[in-house]
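In what follows, a structure is listed as structure tokens, so that the remarks can point back to it.
Just so it is clear: chains get the letters A, B, ... in the order the sequence lines come, proteins before strands, and each one is counted from 1. In this text the structure is predicted, and so the values were computed from the model without any measurement. Computed over heavy atoms, backbone and side chain alike; hydrogens, waters and symmetry mates excluded.
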Amino acid sequence: MALGFARGVLRRLPGTVAVVVLAAVAGALAVGFAQPAGGAQASVELGLGGNLVAGAWNPLQVTVRDAGPCVLRLRIDEGTLMTGPRIVRYTAAVPGGSGVTAFDDDVYVPRFQTLSWTLSATDRVLASGSLGARDADARPLQVVVSAAPGVWRGAFAADARFVDVAASQLPARVAAYDGVATLLLDGTAAAPQTASIAAAAAGGAQVLLAGTLPASQAGLGRLAGAGADRLGAGEVRIVADDPAAVEAALRSWRKPDRSALVTALTSAPLVKAPRSAPQPLVLSLAAAYALIALLALRFAGTPGAAAAVALALIVSLAGWRLLRPPAAVVAGDRTVMLGGGELALALGVEERITLPAGTVSVPGAARPLTPALYSVDAAGTHVALERWQGVVLASRSWLRPASLRFEGGKLLNAGSTAFQNVYVVGLGSQPALQAGASLTPAPGEEGARPPEMARLAAVLPPGTALAEGPEAVWVALPPLASAAGGAR
Amino acid sequence: MSMLSAVAARVRSAELLQVVALFLGTLMFVMAVRWPGAGASNEAWFTLAPVRSTLIALTAMGLGAAEARRDRRRQRATAGAMLVLVAISEPFDVATYAASFPDVPLWWTAFAPFLAAMGYFGLGLLLGRVAAWARLRALLMLLVPGVLLASAWLDFRLGLDAFNPVTTSLHVSVAHVVAMAVLTGLAALLTRGGAGEGDGSGPAAGSAP
């Protein structure tokens with residue numbers, strides 16, 4: 001009935017007004033918005049400009065006006081028909097106060113059946129909303145920041161997820177661009193922050209700067225160096241103000257496969273579960289104890305009975321010391337620093353094995369690589385596990401200055417510690433690289449590499465350098481050959 | 001003869017020593033079967049604890065039923081011997097607990113068997129007296145496991161964890177503590193006093209089942 005009424009109203013409105021009304025309704029569906037009694041206003045936006053990518057980290061923005069402290073709760077059902085509901089929870093405390101308060105974070109959104117959220121103050125719900133399985137679009141975003149985005153639509157594939165957002169909606173956090181394939185700017189819209197563009201590129205997006213940027217956006221051009229340059233896991237490239245040039249640039253881009261790197265990193269266990277003492281040893285000791293206790297009871301009278309009980313106590317303590325694993329939770333982690341230019345994107349994985357059933361917690365936001373019940377809050381990520389179960393978690397990516405990088409055709413160690421097991425894909429092993437030292441990659445010996453390095457090298461393009469540092473494996477992607485055709 | 005000497009003498013008797021040997025042998029068999037190979041999770045405690053708990057319940061009730069018509073001093077010595085049996089089987093429980101990481105707290109698995117032993121011993125004494133009164137002593141070998149099964153069934157019907165030794169060994173249960181405390185009180189009541197016979201009639205009872 002309400003729908004019929006709406007149809008009737010729209011029929012009577014002029015075309016332009018109807019479009020505006022429809023756009024407002026669509027916007028309200030994508031962005032949870034409420035104006036509760038008491039003057040407080042709140043909105044929740046999940047995804048870049050409200051465009052959510054399933055199976056990726058998505059930016060989350062909560063804005064409250066004139067409301068006290070409140071709590072945002074996300075409830076994501078990532079179950080399937082086979083498994084039934086499997087709930088992931090995210091909780092964040094949003095500070096309030098008079099005026100506008102904005103809260104930003106990045107949340108991993110798996111492919112879901114339902115996703116719902118509530119933003120509640122102590123006495124009322126300020127905003128709430130939900131999405132269904134049809135909204136769980138896993139296609140990466142092709143983001144355009146332009147006053148006339150339609151001009152660029154033809155440069156992208158027909159099934160590409162083409163979205164236009166305002167420059168002010170671009171966050172300056174690398175994890176927020178996990179679901180972004182391309183970011184195209186033509187200088188016709190308001191200038192974005194340079195940090196946002198750097199974060200997009202370092203987070204793995206291909207940033208295309210089309211045409212001549214206005215003077216207010218000249219800083220962005222410097223990110224592209226001589227026309228195209230790597231930055232972290234992505235690149236910044238200047239292209240001609242022409243959809244055909246953009247299309248060519250899109251075709252030429254080979255995005256590093258981050259999920260393959262994480263898979264290579266976790267294909268061997270990061271930790272080993274403790275092993276129980278050998279059965280023959282345990283049984284031998286148990287038999288010896290039982291025999292001594294029986295002999296004491298049978299032949300030593302009252303002292304024997306007392307000795308048997310005392311022996312039981314001693315053997316219990318000794319058995320505890322001998323058989324109890326040193327820790328209830330075994331932990332291990334590994335990080336790959338995927339570097340391009342002067343920035344490196346950190347991809348961290350952690351493995352936890354718990355011996356008693358319980359909740360395993362890791363600091364910071366992370367996501368399990370295998371299906372598991374988990375929740376994320378300010379204290380970290382918490383995964384519920386059964387006894388003797390393990391979980392591998394991929395941390396939210398973060399940025400570091402690239403310690404290993406190519407500079408002027410040389411491989412440079414810009415860090416403060418030496419690199420071992422230096423290897424260049426396609427060339428072979430290289431000498432160890434001391435802090436501050438550089439080397440010119442030359443053909444070296446293939447073969448004797450740690451298995452982990454070999455697995456990583458298998459998924460990286462030729463010319464990529466790998467080195468083992470004390471806290472991470474560093475990867476330096478090879479410099480781009482030149483500014484591709486179409487650059488101005 | 002002091003109480004400690006009486007207990008030691010009771011444990012040293014051939015019948016009880018056989019019970020102790022059988023008890024420890026069964027626990028060793030469970031460990032041999034359930035102790036894992038390399039790399040596997042250790043689930044040994046989850047079998048050993050219920051088996052031990054069931055054996056304690058059966059042994060304590062059987063000894064109590066068998067001793068129902070003995071003099072009270074001997075009954076007390078047998079109860080003490082039962083505690084010794086629980087104590088010397090403790091290392092098996094502790095060893096498997098240490099390696100298995102169960103959820104139940106250690107104090108429960110260390111404390112509950114002692115209380116259960118006394119509780120079931122009291123139940124056995126009561127059962128022995130009732131069987132003697134009903135002239136059904138010949139059926140004690142069946143009555144002891146029968147009563148244990150019936151009490152486990154009652155647990156199941158009432159949704160309690162009071163008597164079933166399998167479930168009470170795996171979870172902390174207030175109902176079990178209360179039930180066993182009441183039965184322990186009954187045991188104390190029935191074995192109170194001098195060296196007179198348990199029920200004051202009939203010949204001395206036989207050995208434990």
Could you tell me whether the side chain of [X] and the main chain of [Y] form a donor-acceptor pair under 3.5 Å?
X      : Y      : result
A/Q279 : B/A32  : yes
A/D377 : A/G380 : yes
A/W474 : A/G469 : no
B/S53  : B/P165 : yes
A/S276 : B/P36  : no
A/Y289 : B/I88  : yes

Heavy-atom pairs under 4.5 Å with chain A, option from [options] with the top count:
options               : value
B/A110, B/P102, B/A95 : B/A95
B/A99, B/S89, B/G25   : B/A99
B/N42, B/V7, B/L24    : B/N42

Would you mind checking which part of [X] comes under 4.5 Å of any heavy atom in chain A, side chain (CB onward), backbone (N, CA, C, O), both or neither?
X      : value
B/F29  : neither
B/L17  : both
B/L106 : side chain
B/S100 : both
B/Y97  : both
B/D103 : side chain

Item to check | Distance-minimising heavy-atom pair for B/P50 and B/L170 | outcome: CG-CD2, 4.0 Å
Next on the checklist: For B/R73 versus B/A6, what's the shortest heavy-atom pair and its separation?
Outcome noted: NH2-CB, 4.5 Å
What part of [X] is in contact with chain B, defined as an atom under 4.5 angstrom from a non-hydrogen atom: side chain, backbone, both or neither?
X      : value
A/R298 : both
A/P280 : neither
A/A318 : neither
A/A287 : both

Look at [options] and state which one has the largest set of heavy-atom pairs under 4.5 Å with chain B.
options                        : value
A/L317, A/L297, A/V315         : A/L297
A/L311, A/L283, A/I314         : A/L283
A/P325, A/G319, A/A305, A/A308 : A/P325
A/A328, A/P278, A/G304         : A/A328

Next on the checklist: As an exercise, state the distance from OG of B/S151 to CG of B/L160, rounded to the nearest 0.5 Å.
Outcome noted: 11.5 Å
Next on the checklist: Using side-chain contact (heavy atoms from CB on, under 4.5 Å), reason through A/R89 and A/H382 one step at a time and then give a plain yes or no.
Outcome noted: CA-CA 10 Å; A/R89 293 177 196 281; A/H382 317 284; over 6 Å; no
Checklist entry - If you measure only the distance, is there a donor-acceptor pair under 3.5 Å linking the side chains of B/E67 and B/T78? => result yes
